[in-house]
Every structure is written in structure tokens, then in C-alpha cells.
There are 2 protein chains.
Amino acid sequence: MAAKQEEWKDEYQKICELLRHHSYKLTPQRQTILKAFLENEDQHLSAEDTFMMVKHNYPDIGLATVYRTLDLLAELGILQKNDFGDGRSRYEFNRKDEHHHHHLICIKCGNVSEFDGDLLESLEAEIEKRNGYQVVDHDLKFYGYCNKCKSTLD
Amino acid sequence: MAAKQEEWKDEYQKICELLRHHSYKLTPQRQTILKAFLENEDQHLSAEDTFMMVKHNYPDIGLATVYRTLDLLAELGILQKNDFGDGRSRYEFNRKDEHHHHHLICIKCGNVSEFDGDLLESLEAEIEKRNGYQVVDHDLKFYGYCNKCKSTLD
DNA sequence: GTGCCTGCAAAGCTTTTGCAGGCTC
DNA sequence: GAGCCTGCAAAAGCTTTGCAGGCAC
């Protein structure tokens, strides 16, 4: 617990500095939201999820503030905005070091796992040649049944 | 023009039969919508797009009917439902023969092109082994600047 | 003190749903 | 003729926006 907190304290300081550098104010709302993501690095939280989570530490926070903050943090590259097709955006902490990871989405229970490895760089080069696109990003999702749901099929 | 119509007339008959086989009624609304997609095989139409398009041939059609029909056709595998992140679903005719094609999305003008080639089957096998997922589908999107927008950068 | 931020409420958008009437089979 | 389909309007969800007050700097 203490060790885990140690883990992200550095990260937290760096991000605060980044905000200051962009002349964004360090409000307690922003700090609380940021901490929620640092404490849940492996989760994919929707705005509503985040709101519920943060409300415990900061009961007066408004949902609109959560939306605005998520937007801001994604704009700065601190969070990554994802769309898993369930009608709401989901955010996760953007670890710069593992540049690209892809998502496995269970079409039964909605659980989202991650899959590392890129392998798509060579494909991007081919696309630039063939289609004239200058590719800057890609998004790869796999849909299927997770380990748990697999066994309950039919 | 006539040749292009010849091209999809067979396809059209086959789909009508499929609908009948499922005991779905062949209403003029459904026929008109289906034809709109057969005449625009290369487009990625939203519900609103489809609605506007179909309104010319069938002015009394309702938007709700378009939504219901798109849903039905996607359910039957006749259309493919896509989400390109612009806040609305987009549909395209699902050509069974070119099983998997991927999308190139211009982040400036929103234009969507296609990119053929699958290459991901081996990755799916690895995922099943590593993560325990039974993968049934995948979705790969590339984001970048199309040929036209590329030249107008900065 | 300045002006960015916030909370609240209202509005915006896409999509879904309820219902009475209509049309396909 | 039976019951699925349709059009209309209302509602549902997620997200954005306007505004007056408040807080970080």
C-alpha cells in the first residue's frame, strides 16, 4: 500500500509541474481526479465511474468538472481516451513507456484486458506508400469471450 | 450506371430472400434503405446520412425506422456497424468476400478510406494462449492525415 | 485582485421506446 | 385478418455549455 503510493508519487509531482507549466491551476478537484487514476492504473474508468470514485474524497464535486478535467488530462496526454463501444468514453492512465498496448474486450461481461506488443509499425509504412496517408496513430481492439465467460457459453 | 445496377441486383435478391427466410417483412422502407447501401457500397453512412438519402425516394420515412432497419440489417450481417469516434455510428455494406478490411481515418477532414489485408490471425492465436480469451473479432483503425490534408499541414 | 475553475441546471446530440394506425403476408 | 412495421413524439443517456460565484495564483 505504502509502496504502491511511493510508486506514483513521483509521477504525480511531474504531472503537477506539467499543469503549472501550461498555466493550468492546481485545484483540489483536479488533484483528486488525477490521484484516482494513479491509484487505479489498470482500470478503464468512465466519467461516471470517476465521478463516483472521487465523490468519496470530495463530495461536492460536480459531474461537469469531471468531464472537463478528463478532457484536459487527455488533451495533455496524461490520460488516454478510449471507446469500447458501450456508449461512453473510458479513460486510463497513459503510461508513456509501454507505448502501445491493445485492448481485449469481452462481449459478454464487458471486461477489458490489455495486450502488449505493437507489430503494426511496418503496416503503417505500407499504408503511407499505398494510400498516401500520413499515419499518426492506430487503435486495435479484439472482441471475444474472457476466460470466465468462455466456460459459460451455451 | 446500368452496369452498376446489374452488379448488385443479384445481391439484392439474395438479401430479400434472407429477410423472408427470417420472416421479416419486405416493406418499401426496408427495400429503399437496402438499395441506398447497395448503390453506395464504398460509403460509411450514419443514420442521419441514410435518412437524408432515402428521404428523396421515400419522403415520408421516419428517422426511427432508419435506426430500426440499420439495426436489423447489421444484426443479419448485411451491414457492418462502425464507430469512427465522431459520436455517431456509421454503417457500410458488408462484403463477405473481402473478409476483413481496416479503416484509415483522416483526423482533419474525417474522410474514411479502407485498407485491405488481415495479418492478425496469428496474433489472435497468441492472445488465446496468453490471455485465455476466445477471440471472435477484431477492429483495427489507423488515424492520420489523408493525401489532401497532408499537404495543408501548418 | 484577476481571471481561470467550479457547480448547477439547462440544453444538445444521438439513439431508443411507447403507441395508435397501417400494411405485408 | 393477424401481427409485424411504421411515423410521430417523447424520453433516455452521455456530454457540453452558460452563468454566477469562488478560489488558485
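The chains referred to below are lettered A, B, ... by the order of the sequence lines, with proteins before strands, and numbering in each begins at 1. Just so it is clear, the values below take in all heavy atoms, side chains as well, and ignore hydrogens, waters and symmetry mates. Here the structure is a predicted model, which means the values were calculated and not measured.
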>> For A:Lys141 and A:Asp139: C-alpha separation, side-chain torsions, deciding distance, then whether salt bridge (Lys or Arg N to Asp or Glu O under 4.0 Å) applies.
In response: CA-CA 7 Å; A:Lys141 294 191 282 261; A:Asp139 175 21; 3.2 Å; yes
>> How close do A:Leu123 and B:Phe142 get, counting heavy atoms only, and between which atoms?
In response: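 A:Leu123 and B:Phe142 have their closest heavy atoms at CD2-CZ, 3.9 Å.
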Can you find a heavy atom in the side chain of [X] that is under 4.5 Å from one in the side chain of [Y]?
{"X": "A:Thr50", "Y": "A:Tyr91", "result": "no"}
{"X": "A:His44", "Y": "A:His103", "result": "yes"}
{"X": "A:Lys150", "Y": "A:Asn147", "result": "yes"}
{"X": "B:Ile78", "Y": "B:Leu34", "result": "yes"}

Please report the distance, rounded to the nearest Å, between [atom1] in [X] and [atom2] in [N].
{"X": "A:Glu48", "N": "D:dA12", "atom1": "CD", "atom2": "P", "value": "16 Å"}
{"X": "B:Asp86", "N": "D:dC14", "atom1": "CG", "atom2": "C1'", "value": "15 Å"}
{"X": "B:Glu75", "N": "D:dC5", "atom1": "CD", "atom2": "P", "value": "13 Å"}
{"X": "A:Leu45", "N": "D:dT15", "atom1": "CG", "atom2": "P", "value": "13 Å"}
{"X": "B:Arg20", "N": "D:dC5", "atom1": "CZ", "atom2": "P", "value": "14 Å"}
{"X": "A:Asp60", "N": "C:dC5", "atom1": "CG", "atom2": "C1'", "value": "15 Å"}
{"X": "A:Ile61", "N": "D:dC23", "atom1": "CD1", "atom2": "C1'", "value": "14 Å"}
{"X": "B:Lys55", "N": "D:dG7", "atom1": "NZ", "atom2": "C1'", "value": "10 Å"}

> With respect to the side chain of A:Ala47, which nucleotide from C:dG7, D:dG7, D:dT15 is positioned closest?
Replying inline: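 Selected nucleotide: D:dT15.
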> Which ones in residues 63-72 of chain A lie close to DNA chain C, meaning a heavy atom under 4.0 Å from one of its atoms?
Replying inline: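 A:Ala64, A:Thr65, A:Arg68 - these, ordered by number, are the residues of the stretch whose heavy atoms sit under 4.0 Å from the strand.
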> Which of residues 21-34 of chain B have a heavy atom under 4.0 Å from DNA chain C?
Replying inline: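 Heavy-atom cutoff 4.0 Å gives B:Lys25, B:Leu26, B:Pro28.
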> Hey, are B:Arg130 and B:Glu126 close enough for a salt bridge, meaning a charged N less than 4.0 Å from a carboxylate O?
Replying inline: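 Yes, this pair counts.
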> If you measure from the Lys or Arg side-chain nitrogens to the Asp or Glu carboxylate oxygens, is any gap between B:Arg95 and B:Glu114 under 4.0 Å?
Replying inline: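 Looking at B:Arg95 and B:Glu114, the cut-off is met.
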Output a table of donor-acceptor pairs, distance under 3.5 Å, between side-chain atoms of residues 59-71 of chain A and any protein atom two or more places apart or on a different chain; print 'none' if there are none.
from, atom 1, to, atom 2, distance (Å)
A:Thr69, OG1, A:Thr65, O, 2.8

>> Under the rule for side-chain contact (heavy atoms from CB on, under 4.5 Å), what residues qualify as partners of B:Asp49, not counting sequence neighbours?
In response: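 So B:Asp49 forms a side-chain contact (heavy atoms from CB on, under 4.5 Å) with B:Leu45, B:Ser46, B:Arg90.
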>> With rounding to the nearest 0.5 angstrom, report the CD to CG distance, B:Glu92 to B:Asn94.
In response: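 Those atoms lie 7.5 Å apart.
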>> Over the length of the helix from C:dG1-D:dC25 to C:dC25-D:dG1, how much do the five-pair end axes diverge, rounded to 10 degrees?
In response: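 Angle reported: 40°, given to the nearest ten degrees.
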Please table the atom pairs, donor to acceptor, closer than 3.5 Å between any side-chain atom in residues 23-31 of chain B and protein atoms at least two apart or in another chain.
from, atom 1, to, atom 2, distance (Å)
B:Thr27, OG1, B:Arg30, N, 3.3
B:Gln29, NE2, B:Tyr58, OH, 3.4
B:Arg30, NH1, B:Lys25, O, 2.8
B:Gln31, OE1, B:Tyr12, OH, 3.1
B:Gln31, NE2, B:Leu26, O, 2.9

>> So, does B:Ser89 get its side chain near the phosphate of C:dT15, meaning an N or O under 4.0 Å from OP1 or OP2?
In response: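 For B:Ser89, the contact criterion (side-chain N or O under 4.0 Å from OP1 or OP2 of C:dT15) is met.
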>> Under 4.0 Å, counting only non-hydrogen atoms across every strand here, what does A:Tyr58 touch: a base, just sugar-phosphate, or nothing?
In response: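 Contact class for A:Tyr58: sugar-phosphate only.
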>> For a quick check of understanding: with a heavy-atom distance under 4.0 Å over all strands, which category does B:Ser46 fall into, base, sugar-phosphate or nothing?
In response: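 Contact class for B:Ser46: none.
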